[in-house]
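Take this structure, written in structure tokens, and hold onto it; I'll ask about it next.
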Amino acid sequence: MHEPTTTQPTCKECGQPLERKSRGPAPTYCSANCRAKAGNRRAKAEGRYQQWRQTTRAKKQTQREANAKPCPYCGEPMLNPRRVQCGKPECKRLYTNERAKKFHSKWKAENGQRYNAKFTYEHTCEVCGKTWRSGNKNARYCSTSCTNTLARYERTCESCGKQWLAKQVTARWCSPECAAAWRTKINIERKLPVPLKERPPRAWCWLPERHPARLRIPRPRLFVQGNCLLCGQPFCAYSEVGTASYCSRRCQRKDAKDRRRARERSAYVEPVNRLTIFERDRWICQLCGKPTKQDAKVPHPLAPVLDHIIPLAAGGTHEQRNAQCAHFICNSRKRDRGSGEQLMLIG
């Protein structure tokens, strides 16, 4: 006798083979997902899918409203259980600030300094003993008050010769009176520009002194005559307050640039006359030993320029004994690498 052939059941949704059970009816679907898909298909065919979908959405919305948490910043209910704030711009800003504060506090507690702090060093104040971090590697005092307590330097006044304790290393005079006396002496020696004593008289006018048209007549202008502080050329220029010191704006900018570079490196600054230095060196380049071209202007290679024997970057000072005449090209090649003896050998 032949045994009856039995076919293996398959899922009606995905077609995968099903395992036959020993008891009970044969399975129809392989999983609950396939059963739900088949039910949705039947509901769509019968027109009940949209109603079921709306009912389900309304039920979920009711559950969300019942379980909604209030916003920690404004108190409005949040329907989405995963939100931490309601989404308003002000609530977002407060939440972001709170997170940033927590992060920076945790970072500072773990690492000992604020987040993204670069090139900071830990120091101990020599006055109060306070410990702080600073970007300056050689810092000694934590504040200005501590600096003014001990930072005193013994200096000798250049005007009266008195010795006193100054707050700055570059202090030169003990009082404003000594500074004014020293400047007056230098002005007399160097024949600095002074206002003209003789002013041109006013033109004759037949109108009375208090007539409005008479008051509109311009007053005689004040002129300054003397030698330029930078190039030494004589000049006569108009000055409203009588303080002109340079023959042109170009000389004024050059002198200001030199003094600024020196102050940036905390160097000793002294009024330096370029023309005096050039005549002292006989217009000869002290780096290569060859004469300069007197009428040439920078950027001409042979134009005379002022060079510091000890560069400012190496601790030199801006004064006459540390200045010399040099070619523009020689000074550019020298840079801050020394006094230029190798250029003399090459030349």
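For clarity, every value in this text was computed on a predicted model and none was experimentally measured.
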Could you give the distance from OG (S31) to NZ (K37), rounded to the nearest 0.5 Å? 8.0 Å

Beyond-backbone contact of D258 with V272, side-chain heavy atoms, under 4.5 angstrom: no

Would you call the rings of Y95 and Y73 parallel, tilted or perpendicular, taking 30° and 60° as the class edges? perpendicular

H327 side chain vs P291 backbone, donor-acceptor pair below 3.5 Å: yes

Please name all residues satisfying side chain to side chain contact (heavy atoms under 4.5 Å, CB included) with R83, sequence neighbours left out, ordered by chain then number. M78, N80, Q85

Rounded distance [0.5 Å steps], NZ in K12 versus SG in C30: 13.0 Å

For the backbone of A166 and the side chain of R155, can you confirm whether one donor and one acceptor N or O come within less than 3.5 Å of each other? no

Taking atom CZ of R280 as the centre, report whether more than 12 heavy atoms of other residues, nucleotides or ligands fall under 6.0 Å from it. yes

Within one Ile-Leu-Val-Met-Phe-Trp-Tyr cluster: W132 and Y121, side-chain cutoff 4.5 Å: no

Taking every non-hydrogen atom, the tightest pair across C228 and C247: SG-N, 3.4 Å

So CD of Q294 and OG1 of T292: to nearest 0.5 Å the spacing works out to 6.0 Å

Reported OG1-to-CD distance for the pair T10 and Q16, which is rounded to 0.5 angstrom: 10.0 Å

Backbone of N136 reached by a side-chain donor or acceptor of H123 within 3.5 Å: yes

Working to the nearest 0.5 angstrom, can you tell me the gap between C11 SG and Y29 OH? 7.5 Å

Within this structure, what is the CG-NZ distance for the pair L79 and K60, rounded to the nearest 0.5 Å? 14.5 Å

Contact list for residues 310-324, test salt bridge (charged side-chain N to carboxylate O under 4.0 Å, His left out), sequence neighbours left out: E319-R321

Does a sphere of radius 6.0 Å around CZ in R133 hold more than 12 heavy atoms from other residues, nucleotides or ligands, not counting ones at 6.0 Å or beyond? yes

Would you check if R35 and T28 make a side-chain contact, meaning some heavy-atom pair closer than 4.5 Å? no

All heavy atoms of A139 vs all of S134, minimum pair found to be CB-OG, 4.2 Å

If only atom types and distance count, is the side chain of S159 paired as donor or acceptor with the main-chain N or O of A179 below 3.5 Å? no

Is R41 reaching over with its side chain to a backbone N or O of E13, donor-acceptor style, under 3.5 angstrom? no

Starting from L302, can I reach V298 by hopping between I/L/V/M/F/W/Y residues whose side chains sit under 4.5 Å apart? no

Side-chain heavy atoms of P301 within contact of F328, under 4.5 Å: no

So which heavy atom on C146 is nearest to which on C142, and how close? SG-SG, 3.8 Å

If you take all heavy atoms of C157 and W164, which pair is closest and at what distance? N-CZ3, 3.4 Å

Keeping the roles fixed (side chain from Q324, backbone from D281), state whether a donor-acceptor pair exists under 3.5 Å. no

Take atom CD of E154 as the centre, draw a 6.0 Å sphere, and report whether it contains more than 12 heavy atoms from other residues, nucleotides or ligands. no

If you compare all heavy atoms of R335 against all heavy atoms of P311, which two are closest, and at what distance to 0.1 Å? O-CG, 4.4 Å

Give the minimum heavy-atom separation between L287 and N331, together with the two atoms involved. CD1-N, 4.0 Å

So C325 and I284, do their side chains get closer than 4.5 Å, heavy atoms only? no

Residue pair Q286, D307: steps toward the side chain to side chain contact (heavy atoms under 4.5 Å, CB included) verdict: CA-CA 9 Å; Q286 303 300 312; D307 172 52; over 6 Å; no

Taking only residues at least two apart or on different chains, which pairs with a member in residues 84-97 satisfy salt bridge (charged side-chain N to carboxylate O under 4.0 Å, His left out)? E76-K88, E90-R93

